[in-house]
Student: 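This is the structure I want to talk about, given as structure tokens.
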Number of protein chains: 2
Amino acid sequence: MTSTINADAPRWLTEPEQRAWRAYLRGSRLLEVSLDRALAPHGTQLSEYEVISMLSEAPGGRLRMSALADLVVQSRSRITHTAARLEKRGWVVREACLDDRRGVELVLTDAGRTAVGDIAQCHVTSVRDSMIDLLAPEEFLGLGKAMQKIRDALAEDGQATDAHTI
Amino acid sequence: MTSTINADAPRWLTEPEQRAWRAYLRGSRLLEVSLDRALAPHGTQLSEYEVISMLSEAPGGRLRMSALADLVVQSRSRITHTAARLEKRGWVVREACLDDRRGVELVLTDAGRTAVGDIAQCHVTSVRDSMIDLLAPEEFLGLGKAMQKIRDALAEDGQATDAHTI
DNA sequence: TGTTGCTGGTTAATATTTCAACTATTGAGA
DNA sequence: TCTCAATAGTTGAAATATTAACCAGCAACA
């Protein structure tokens, strides 16, 4: 009888799974809050800092908007707005792409590079205080390895962060 | 000479630490997107679902706003807005606290309980697909244990999600 | 009792994010 | 060459989140 009803019964979480999932959910939220709060005195958010940080590591301090969007997991629209804020702050400038005239590159300014340098110090300290130093070294690396798997699995398709696809 | 300058040199991340941290950052963002997307067809966000889910487990399907805020890691202000949306949807109602007349309890309605039941199925499936089933069982439980430590450490002080304290 | 400071929650204004068009360009193929 | 679908990025409006007041009730205490 039941077979006609629940053709696809969900596998509910076991007690330990439930605990682990809840711990992740709360922990990740608290961590985000904590890191954001540490950056606040610098007038930045984590999501903004991620952008200039990626730029600072890229050759020439420049990256295309779409590459940036994928790197920091922001929608195309969001990265446009984020870039606008950073530009207003004088940390980046937009430049047209030479090869692809649809494209736009975001370029870190000198002021932007200085800002990254200043903020990085505060940021790395907060990452240690709020996460790394709370864990045993292998524990943290194991967490990283697990998240790497998740990242790889979800990055494949999830590219379409905007409503573009579908 | 240098000693006068960097009184407190930051411990930069090692290569493996950097990789792990980046994996966490990207992975957690992608996961959030993925889970949210799974709930979208039900007209809900993860942050809203968390609220009604907590209510459904609480005795009497009711919790005080402040307790709820701490549970789901939302600021006082944010939980007020979230509750307003859920109320408009008919899933919860506000009720005055009997003992403490400042207080407000959020109560799950019958419709709300039905909604939780419907959505839970879709949610647990997406949690498995986007996270649990991507990892070895011990890997996931290990991740949970690590996040539990982070949660415990950050929950202590971080209570003040609003600008109330300090 | 009156005062003071704290907690619980809301509100209005602002900032950020998402959503749904929209333009311009590229690239593949007829 | 022309057409058409797909990609890159932007824009404006709507939804959501944060910030900084704010009010009411509690609690301690003179």
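Computation of the quantities below employed the complete heavy-atom set of this structure, encompassing side-chain atoms and omitting hydrogens, waters and symmetry-equivalent molecules. Chain naming here is simple, since letters A, B, ... match the order of the sequence lines and numbering starts at 1 in each.
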Student: Starting at atom CG of A:D36, determine the distance to atom P of C:dT16, rounded to an integer number of angstrom.
Tutor: 11 Å
Student: Where each residue is assigned the nucleotide of DNA chain D containing its nearest heavy atom, which of B:Q45 and A:E105 is assigned the position nearer the 5′ end?
Tutor: A:E105
Student: Separation of A:E32 atom CD from D:dA17 atom P, in whole Å?
Tutor: 13 Å
Student: If we only count heavy atoms from C-beta on, is the B:V107 to B:L55 side-chain gap below 4.5 Å?
Tutor: no
Student: How many whole angstroms separate atom CZ of A:R76 from atom P of D:dT7?
Tutor: 9 Å
Student: Nearest whole Å is fine: how far is D:dA17 P from A:E48 CD?
Tutor: 18 Å
Student: Between the base of C:dT10 and the side chain of B:H81, is there a donor-acceptor distance below 3.5 Å?
Tutor: no
Student: Is A:S66 close enough to D:dG9 that one of its side-chain N or O atoms is under 4.0 Å from OP1 or OP2 there?
Tutor: yes
Student: So which heavy atom on B:S53 is nearest to which on A:R22, and how close?
Tutor: OG-NH2, 3.9 Å
Student: Select from A:I79 and A:A40 the residue whose nearest nucleotide in DNA chain D is closer to the 5' end of that strand.
Tutor: A:I79
Student: C:dT11 base to B:S77 side chain: any donor-acceptor pair below 3.5 Å?
Tutor: yes
Student: Between A:E50 and B:R26, is any pair of side-chain heavy atoms under 4.5 Å apart?
Tutor: yes
Student: Quick one: A:L68 CG to D:dT7 P, roughly how many Å, whole number?
Tutor: 19 Å
Student: Between the main-chain N or O of A:L30 and the side-chain N or O of A:S34, is there a donor-acceptor pair closer than 3.5 Å?
Tutor: no
Student: To the nearest 0.5 angstrom, please state how far the CZ atom of A:R102 sits from the SG atom of A:C97.
Tutor: 9.5 Å
Student: Quick check: do B:L13 and A:R128 have side-chain heavy atoms less than 4.5 Å from each other?
Tutor: yes
Student: Are A:R94 and A:E87 close enough, and set up right, to give a side-chain contact (heavy atoms from CB on, under 4.5 Å), and what steps lead you there?
Tutor: CA-CA 8 Å; A:R94 271 171 233 260; A:E87 199 170 19; 3.0 Å; yes
Student: Are A:M131 and B:W21 packed together at the side-chain level, in the sense that at least one heavy-atom pair is separated by less than 4.5 angstrom?
Tutor: yes
Student: Nearest whole Å is fine: how far is D:dT16 P from B:Q74 CD?
Tutor: 12 Å
Student: Return the nearest nucleotide to the side chain of B:R64; candidates are C:dT18, C:dA12, C:dG9.
Tutor: C:dG9
Student: What distance separates B:L135 CG from A:K149 NZ, expressed to the nearest 0.5 Å?
Tutor: 6.0 Å
Student: Among C:dG9, C:dT17, D:dA17, which nucleotide has an atom closest to any side-chain atom of B:R78?
Tutor: D:dA17
Student: Is the phosphate of D:dG9, meaning OP1 or OP2, less than 4.0 Å from a side-chain N or O of A:T80?
Tutor: no
Student: If you take any heavy atom closer than 4.0 Å to DNA chain D, which residues from residues 85-103 of chain B end up in contact?
Tutor: B:R85, B:D99, B:D100, B:R101, B:R102
Student: Where do N or O atoms of nucleotides 1-5 of chain D meet protein N or O atoms at under 3.5 Å, pair by pair?
Tutor:
none

